[in-house]
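Note that the structure is predicted; figures quoted are calculated from it, not measured.
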Amino acid sequence: MQEKERTRTFKDKNVLVVGLARSGAGAVNILVLLGARVWITDIKPYDSLKETIKLLPLSVEVAAGEHSEELFNKADIIVVSPGVSLGIPPLMRARIKGVPVIGELELAYKVIQGLGIGDWGQVQKQSLNVLPTPNPQPLIPFIAVTGTNGKSTVTTLVDLMLKRAGFKTLLGGNIGNALTEEILKTVNSEQLTVNSKEKDPLRFLPDALPEFIVAEVSSFQLESIEEFRPKAAAILNITPDHMDRYHTAEEYIDAKARIFENQGAGDFLVLNADDPAVMKVESEKLKVKSEKPKIFYFSRQKEVEGAYLKDGLIYFNLPEFNLHLSIFNLQPSSFRIKGVHNLENAMAASLVALASGCPADAVRDVLMDFPGLEHRLEFVCEIDGVSFINDSKGTNIGAVIKSLESFENIILIMGGRDKAGDFTVLRDLIAKRVKTLVLIGEAKEKIAKAAEGATDMVFAADINDAVEKSMSKARKGDVVLLSPGCASFDMFLNFEDKGRKFKEAVKQIKN
């Protein structure tokens with residue numbers, strides 16, 4: 001396959017950044033440092049962008065409130081933020097004219113590839129080349145994790161495992177810290193030199209280089225990749241999500257599958273053997289690739305090459321790394337994180353870390369210590385024998401399913417801004433596990449219709465009212481679970497804001 005044309009030089013280029021979110025700000029700042037002439041366009045009004053604009057160099061112009069065709073016409077390269085659809089007319093016209101349109105993930109990858117540090121083989125540790133690599137890539141190994149649910153937990157676990165083993169890592173992506181922003185932090189650590197005469201003036205000293213870049217990547221980010229090639233990748237699960245952006249479920253699945261598009265010999269991919277959509281991706285897209293990564297699986301249901309659950313233990317079968325089930329296993333009962341989804345997360349993270357050269361002891365230690373992420377099945381407190389669980393990050397149907405499978409006797413708080421989700425698939429599980437469904441937000445009528453007759457239902461005006469009504473319905477031994485199944489933007493800034501407001505409401509009742 002002919003190598004794609006690489007756009008790694010940004011000095012003196014006209015670069016338009018579309019969308020000024022956190023990733024947009026990171027992209028702007030690193031592009032300016034690399035000598036590009038940068039403009040920003042954002043459909044939001046100027047007043048709503050003021051706080052982010054303060055983080056930008058004074059030389060950068062911001063066009064707010066509309067997308068000016070003039071800015072698109074003069075761009076040599078366009079960098080688009082994940083929240084901006086590639087289907088908007090000015091981006092479609094630019095692509096037709098042959099203007100490169102890349103995302104912030106691809107930009108970070110190109111920046112890392114373009115670092116002028118001479119012979120990369122001299123600065124990379126031999127232990128990084130875990131699998132035989134006929135054609136070593138001139139880059140720091142990327143580890144990329146995607147999936148509808150569990151991405152943040154698995155990405156965090158992998159990063160902690162590698163750090164526990166003594167590796168230097170850079171963590172970023174969809175997890176909340178833009179990769180370009182994290183690269184800039186390394187730049188600002190003064191462990192580099194800047195040479196303005198070079199095409200790209202970044203020059204890291206070898207000691208400043210991370211040994212791995214660990215990234216959570218979303219379907220939105222994967223839409224706009226060109227060269228992005230992770231050394232290690234994982235697809236945790238795929239259930240319909242963001243159907244307000246994608247025309248079909250196949251479009252969403254295709255975007256997820258791009259994570260292994262550029263992988264080949266010497267790379268590896270971790271897949272969920274229990275997920276029908278993931279296995280369909282493997283059969284339809286991986287098997288037709290001429291050059292394939294090595295594939296490992298994880299499963300709660302069957303023995304696989306990789307990691308699997310059997311008789312209450314997680315076993316590992318990785319003959320490539322001389323790691324067999326008789327040598328190393330894990331006891332999920334001793335993990336701090338609970339829930340069936342976290343069994344899968346633990347297996348996936350452990351596989352990625354072990355195959356990346358992480359010692360088994362570091363993997364085990366992290367799983368014993370990791371308390372879980374805020375807003376993902378987070379235990380808030382117990383009041384009169386009723387447990388309150390914050391799962392505000394559960395913004396899609398698949399996440400709600402995993403959460404409901406983890407508890408019984410549930411008072412479930414759902415609702416928010418609908419992402420064109422099919423709530424009818426929850427009906428049987430709600431009937432089996434939910435005592436009362438408390439509904440809030442714009443989608444409450446749609447959810448109520450989908451779950452009609454499955455359980456007792458009440459409407460609430462806001463999150464405080466929802467918590468009060470949940471408490472009135474709950475009895476000792478019950479679980480009040482916030483798992484919205486929707487976006488939070490109708491009543492909150494984001495899922496974090498929703499989770500914090502839920503916890504505040506719970507603490508008011510407790511006090």
Side-chain angles (χ1 to χ4, degrees), residues 1-10 15-19 21-24 26-27 30-31 75 77-88 91-92 94-95 98-114 137-148 151 155 170 172-175 177-183 212-236 238 242 245-246 250-264 266-270 281 285-286 288-289 291-293:
M1 182 184 296
Q2 187 175 4
E3 185 180 32
K4 296 177 181 178
E5 181 180 354
R6 295 176 181 242
T7 307
R8 295 183 185 166
T9 302
F10 299 95
V15 183
L16 176 64
V17 175
V18 184
R22 180 175 294 171
S23 62
I30 207 161
L31 285 164
I77 303 170
I78 296 174
V79 178
V80 59
S81 295
V84 179
S85 169
L86 297 181
I88 64 173
L91 282 178
M92 294 178 69
R95 298 175 85 179
V99 179
V101 177
I102 63 174
E104 185 266 346
L105 172 64
E106 180 72 17
L107 172 63
Y109 185 80
K110 290 179 185 295
V111 168
I112 290 294
Q113 288 198 76
Q137 297 297 307
L139 49 85
I140 300 168
F142 272 70
I143 294 174
V145 178
T146 197
T148 305
K151 297 186 295 295
T155 304
L170 185 153
N174 192 62
I175 198 166
N177 303 318
L179 284 171
T180 48
E181 185 179 346
E182 293 305 306
I183 293 170
F212 289 96
I213 295 176
V214 186
E216 175 187 330
V217 296
S218 68
S219 60
F220 295 173
Q221 291 171 308
L222 289 167
E223 289 175 23
S224 53
I225 64 168
E226 289 180 349
E227 302 176 46
F228 179 66
R229 178 180 177 175
K231 177 78 173 178
I235 305 178
L236 307 178
I238 303 176
H242 302 295
R245 172 149 165 170
Y246 296 102
E250 285 70 27
E251 280 189 12
Y252 173 65
I253 293 170
D254 287 346
K256 290 289 189 190
R258 295 198 71 190
I259 196 169
F260 58 77
E261 184 173 290
N262 297 316
Q263 282 192 306
D267 303 323
F268 68 88
L269 176 65
V270 171
V281 164
K285 299 185 183 298
L286 266 172
V288 300
K289 274 177 66 72
E291 189 179 359
K292 300 178 181 63

Please give me the minimum heavy-atom distance between [X] and [Y], naming the atom from each residue.
X	Y	value
Arg258	Ser224	NH1-N, 4.2 Å
Lys289	Lys292	O-NZ, 2.6 Å
Ala75	Ile78	CB-CG1, 3.9 Å
Gly264	Arg229	N-NH2, 3.6 Å
Lys151	Thr148	NZ-O, 3.5 Å

Within the distance-only criterion (no hydrogens, no angle test), does the side chain of [X] pair as donor or acceptor with the backbone N or O of [Y] below 3.5 angstrom?
X	Y	answer
Glu106	Gly103	no
Ser81	Gly83	no
Lys231	Ile140	no
Asn262	Phe228	yes

Step by step, work out the side-chain contact (heavy atoms from CB on, under 4.5 Å) result for Leu107 and Leu179.
-> CA-CA 9 Å; Leu107 172 63; Leu179 284 171; over 6 Å; no
Residues which pass side chain to side chain donor-acceptor pair (under 3.5 Å) with [X], listed by chain and number, not counting sequence neighbours:
X	result
Glu181	none
Lys256	Thr146
Thr180	Glu104

Roughly how far, to the nearest 0.5 Å, is CD1 of Ile112 from CD1 of Ile183?
-> 4.0 Å
Begin with the C-alpha distance, continue with both residues' side-chain angles, and end with the deciding distance and a verdict on side-chain contact (heavy atoms from CB on, under 4.5 Å) for Tyr109 and Ile225.
-> CA-CA 9 Å; Tyr109 185 80; Ile225 64 168; over 6 Å; no
Only one of Leu86, Leu105, Val80, Val101 clears side chain to side chain contact (heavy atoms under 4.5 Å, CB included) with Glu223; which?
-> Leu86
If we only count heavy atoms from C-beta on, is the Leu31 to Ile77 side-chain gap below 4.5 Å?
-> no
Partners meeting side chain to side chain contact (heavy atoms under 4.5 Å, CB included) with [X] (sequence neighbours left out):
X	value
Lys285	Asp254, Ala257, Phe260, Val281
Ala233	Pro230, Ile259, Gln263, Leu269
Ala21	none

Report the C-alpha distance between Asn174 and Phe220 in whole Å, list the side-chain angles of each, state the deciding distance to 0.1 Å, and finish with yes or no for side-chain contact (heavy atoms from CB on, under 4.5 Å).
-> CA-CA 10 Å; Asn174 192 62; Phe220 295 173; over 6 Å; no
